[in-house]
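Residue numbers start from 1 in every chain, and the chains themselves are labelled A, B, ... in the order their sequence lines are given, proteins ahead of strands.
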Number of protein chains: 2
Amino acid sequence: MVAGPLPTPSGPGKDRLRLWIRLLRASRTIEAELRERLKKEFNTTLPRFDVMAALYRAPEGMLMSDLSRFLLVSNGNVTGIVDRLVSEGLVARARRNGDRRTSMVRLTEEGVRSFAMIAAAHEGWVGELLGNVSEDEARRLTGMLTSFRSNWEGRE
Amino acid sequence: MVAGPLPTPSGPGKDRLRLWIRLLRASRTIEAELRERLKKEFNTTLPRFDVMAALYRAPEGMLMSDLSRFLLVSNGNVTGIVDRLVSEGLVARARRNGDRRTSMVRLTEEGVRSFAMIAAAHEGWVGELLGNVSEDEARRLTGMLTSFRSNWEGRE
DNA sequence: ATATAAAACTTTAAGCTTGAAATAATTTGC
DNA sequence: GCAAATTATTTCAAGCTTAAAGTTTTATAT
């Protein structure tokens, strides 16, 4: 849904539709640029970066279900991404004694080192790509987005 | 990149990073909900909807390359989606006399009817999902997003 | 004219994504 | 204790996505 159904929609509710289209186009444009740079500079992907970022925040590890809930993606999806990260030695699964259904997933030492480097570049890129948003404006926008995010928290 | 590298980043440039994370989470949350409803209510997908929306705006048709540029996705991607829409009778390709490399892609009559129905529901959903954003706030947010979109237009 | 380059698409391989079905382990209700 | 339900995860099929390589057609430069 990058496009609106009509060139310039108007009428009740059209302002929200237009907002949604802009929001989506903005995030897709930035996302595409970040994905390209991750590939070119670090030979990695956005989903891998997402998973590693989540794990970096949780040194003690996360359950697969926590990961998928946090990343807003399906369970099966995370399985595949983690599989690949494990095969590259960036992530490790550890079976737990308590509950043998679950496995704690965490970054390896190499994973931590690797992510730290990528994250630093990533932050710089975002700063660059959003360079024409002033810090003040960024805070205000963030506030507005947060306010309507709260309507969604815990939904299902 | 739904997650930040640290729970609460702070320092120079962190406001833009936080904005980006919020932007991405907001659009992914809404996107996921719309995708689910498109599937449940109309047995279709977001990419199909995107393509049809673009074609609905252009009754005379669009070139494949125009479509992919407009939708911000790769050429090969559009080929597959259009293939499926053609096989379902919603879209038609028409070879042009002038340049035999290109084909004009357009909605069929059934495609137009189908899209009109889906688009009406879609607009309602967006209105609902962004219900707690006032119309005025929506216009202001749209303006802010547009201003930094302009930095990207025509980039490559 | 004719090679060369450019343009418009399609194809391909690898990976991402979902929803649904399948497995396995744990918890709950009798 | 044991069947039934629940929970955590993986597997699967279908479709989406990209970048790169391949095809066909058109434009350009000798």
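- In this structure, B:Met62 atom CE and C:dA8 atom C1' are separated by 15 Å, rounded to whole Å.
- An OP1 or OP2 oxygen of C:dA24 is reached within less than 4.0 angstrom by no side-chain nitrogen or oxygen of A:Arg100.
- What separates CD of B:Glu31 from C1' of C:dT17 is a distance of 11 Å, to the nearest Å.
- Under the side-chain contact (heavy atoms from CB on, under 4.5 Å) criterion, A:Ala121 pairs with A:Phe42, A:Trp125, sequence neighbours left out.
- A straight line from CZ of A:Arg96 to P of D:dT7 spans 15 Å, rounded to a whole angstrom.
- Residues satisfying the salt bridge (Lys or Arg N to Asp or Glu O under 4.0 Å) criterion with A:Arg96, sequence neighbours excluded, are absent altogether.
- B:Arg95 pairs by the salt bridge (Lys or Arg N to Asp or Glu O under 4.0 Å) definition with nothing, not counting sequence neighbours.
- The side chain of B:Arg93 contributes an N or O atom lying less than 4.0 Å from OP1 or OP2 of C:dT10.
- For A:Thr45 and A:Asp99, each mapped to the nucleotide of DNA chain C holding its nearest heavy atom, the one lying further toward the 5' end belongs to A:Thr45.
- Distance B:Asn43 CG to D:dG15 P: 10 Å, rounded to the nearest Å.
- Residue A:Thr102 places its side chain closer to D:dA8 than to any other of D:dA8, C:dA8, C:dG15.
- Salt bridge status for B:Arg28 with A:Glu31: present, with a side-chain N to carboxylate O gap under 4.0 Å.
- Under 4.0 angstrom from either OP1 or OP2 of C:dT10 there lies at least one side-chain N or O belonging to B:Thr79.
- Dashed line: the shortest gap from a side-chain N or O of A:Ser65 to OP1 or OP2 of D:dT9 is under 4.0 Å.
- Applying the salt bridge (charged side-chain N to carboxylate O under 4.0 Å, His left out) definition to pairs two or more places apart or across chains, none involves residues 102-120 of chain A.
- Side-chain N/O atoms of A:Thr45 and A:Arg35 include no donor and acceptor closer than 3.5 Å.
- Qualifying side chain to side chain donor-acceptor pair (under 3.5 Å) partners for B:Glu41, counting only residues two or more places apart in sequence or in other chains: none.
- Rounding to whole angstrom units, CZ of residue B:Arg95 and C1' of D:dT25 are separated by 10 Å.
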**Request:** Would you mind building the protein contact string for nucleotides 17-24 of chain D? One character per nucleotide, 5' to 3', B for base within reach (heavy atoms under 4.0 Å), S for sugar-phosphate only, - for untouched.
**Result:** SB------
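- Taking atom CG of A:Leu38 as the reference point, atom P of C:dG15 lies 16 Å away to the nearest angstrom.
- The CG atom of A:Leu67 sits 13 Å away from the C1' atom of D:dA8 (whole-angstrom rounding).
- Two residues, A:Arg48 and B:Asp83, neighbour DNA chain C, and the one matched to the more 5' nucleotide by heavy-atom proximity is B:Asp83.
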